[in-house]
Amino acid sequence: MESNCIADKVPSFAVLSEEERRVLSDILVIQKVRKKQMVVKDGQICRYMFYVCKGLLRQFYFKNGREITEHFTCEGNVAYCIESIFRNKPSHLMMEALENSELCMIPYAGLVELSLVHKGIAEWLRSFLENNLILHQVKADSWRFESARERYRRFLREFPSVASRASVNDMASYLLMTPESLSRVRSAVSGEMSGKTGKTDP
């Protein structure tokens, strides 16, 4: 692992002063991980939020002997195990690198400690958590109310690069489909898009 990660590498959830950027940089660490390397293992306490500078992460768990993909996190986004990091308890939600990746590790306890002293960092943390909760709510609503085809279309809009980088099995489990169902949905959506592209004005 390398140190000296600068605060400018992570998303700008709030305007930070020069001093706040300096103290935030002091607690950040850059880590390079290999494809298929586990970032958070089963039963491990997740103590960091992982900002993806480069690469792709997958969070997953086991249910009835099957791997279920919970999240994908690509460049410019942050991954962490919510219950584990907040309650300091072992996680059953695992995290692996799907590609060789470069991560900026943000220690949650250190971030909270800095937020007690620095107003800008407190706002950074509040804004990050607020945005993250909204994203989880949007996903939950989508999974409850949208059809398989609508979920796949949303996936293409929100994760356009992941659709060509993750495996069919991983995407299918994320979208609550079988690989066969996903293949049918992809063909149908592709046909719809081709039809729209090929239309001409009368």
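Values below: all heavy atoms of this structure, side chains included; hydrogens, waters and symmetry mates excluded. This one's a predicted model, so the numbers in the text were calculated from it and none came from an experiment.
Of the inter-residue distances, the one linking S84 atom OG with L93 atom CG reads 9.0 Å to the nearest 0.5 angstrom. Rounded to the nearest 0.5 angstrom, M49 CE and C81 SG are separated by 12.5 Å. In this structure, D141 CG and H136 NE2 are separated by 13.0 Å, a value rounded to the nearest 0.5 Å. The distance from the CD atom of Q44 to the SG atom of C46 is 7.5 Å, given to the nearest 0.5 Å. The CE atom of M95 sits 12.5 Å away from atom CD of Q37, with the distance rounded to the nearest 0.5 Å. The CZ atom of R144 lies 11.5 Å from the CD atom of E146; values are rounded to the nearest 0.5 Å.
Panel note: side chain R151, backbone L175; a donor-acceptor pair is recorded below 3.5 Å. The backbone N or O of P179 sits less than 3.5 Å from a side-chain atom of S183, completing a donor-acceptor pair. A donor-acceptor pair is defined here as one N or O able to donate and one able to accept, closer than 3.5 Å; no such pair exists between the side chain of N77 and the backbone of T73. Remark: side-chain polar atoms of N100 are paired, donor with acceptor, to backbone N or O of K35 under 3.5 angstrom. Looking only at distances, a side-chain donor or acceptor of S25 sits under 3.5 Å from a matching main-chain atom of R21. S115 places a side-chain N or O within 3.5 Å of a backbone atom of V112 that can act as its donor or acceptor partner.
Both L176 and F159 are members of a single hydrophobic cluster when ILVMFWY side chains are connected at heavy-atom separations under 4.5 Å. Placement of F86 and L125 within a single hydrophobic cluster is found when ILVMFWY residues are connected by side-chain heavy-atom separations under 4.5 Å, directly or transitively. When the side chains of ILVMFWY residues are joined at heavy-atom separations under 4.5 Å, either directly or via intervening members, L129 and Y51 end up in a single hydrophobic cluster. Under the 4.5 Å side-chain heavy-atom criterion for grouping Ile, Leu, Val, Met, Phe, Trp and Tyr, I82 is connected to L111 within one hydrophobic cluster.
Considering every non-hydrogen atom in both Y61 and H92, the closest pair reads CB-O, 3.6 Å. Residue E20 comes nearest to G120 through the heavy atom pair OE2-N, 2.8 Å, listed as atom of the first residue, atom of the second, then distance. Pairing each heavy atom of L114 with each of V23, the nearest pair is CD1-O, 3.7 Å. Taking all atoms of both residues into account, the shortest heavy-atom contact from L182 to V168 is CD2-O, 3.6 Å.
For the pair L156 and V189, the minimum side-chain heavy-atom distance is below 4.5 Å. Under the 4.5 Å side-chain criterion, counting only non-hydrogen atoms from C-beta, F50 is in contact with V39. By the 4.5 Å heavy-atom criterion applied to side chains, I30 and E102 are counted as neighbours. Counting heavy atoms from C-beta outward, M94 and Q59 have side chains that stay 4.5 Å or more apart. In this structure the side chain of M171 never reaches within 4.5 angstrom of the side chain of M177, judged on heavy atoms. Considering only heavy atoms from C-beta on, F62 stays 4.5 Å or farther from I68 through its side chain. Taking 4.5 Å as the limit, some side-chain heavy atom of R154 sits within range of a side-chain heavy atom of R157. Considering only heavy atoms from C-beta on, L56 comes within 4.5 Å of V162 through its side chain.
Ring geometry, Y80 versus F128: the interplanar angle falls from 30° to 60°, so the pair is classed tilted.
Within the structure, side-chain hydrogen bond (donor to acceptor under 3.5 Å, both in side chains) contacts touching residues 161-171 (residues at least two apart or in different chains) are R58-D170, E75-R165, E99-R165, S161-R165, S167-D170.
Partners of S173 according to the side chain to side chain donor-acceptor pair (under 3.5 Å) rule, which considers only residues two or more places apart in sequence or in another chain, are T69. Residues meeting the side chain to side chain donor-acceptor pair (under 3.5 Å) test with N64, sequence neighbours left out: none.
Salt bridge E130/R126: present, at least one basic N to carboxylate O contact under 4.0 Å. Taking 4.0 Å as the cut-off between side-chain N and carboxylate O, R153 and E192 count as a salt-bridged pair.
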Which is it for S181 and R184 under the side chain to side chain donor-acceptor pair (under 3.5 Å) test, yes or no, and what are the steps along the way? CA-CA 5 Å; S181 296; R184 289 193 293 270; 3.2 Å; yes
Would you sort out whether E70 and K139 count as a side-chain contact (heavy atoms from CB on, under 4.5 Å), showing the intermediate values? CA-CA 10 Å; E70 180 77 9; K139 178 191 171 184; 3.9 Å; yes
Between I45 and I85, does the side-chain contact (heavy atoms from CB on, under 4.5 Å) criterion hold? Intermediate values first, please. CA-CA 7 Å; I45 296 175; I85 207 168; over 6 Å; no
Can you check side-chain contact (heavy atoms from CB on, under 4.5 Å) on L57 and L98, steps first, answer last? CA-CA 6 Å; L57 302 181; L98 294 182; over 6 Å; no
Trace of the side-chain contact (heavy atoms from CB on, under 4.5 Å) decision for E96 with V40: CA-CA 7 Å; E96 71 166 344; V40 177; over 6 Å; no
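For E113, the CD atom counts as loosely surrounded, since its 6.0 Å shell holds 12 or fewer non-hydrogen atoms of other residues, nucleotides or ligands.
In summary, of the residues considered (Y152, W143, F60), a ring-ring contact (aromatic ring centres under 6.0 Å, His included) with Y174 occurs for W143 alone.
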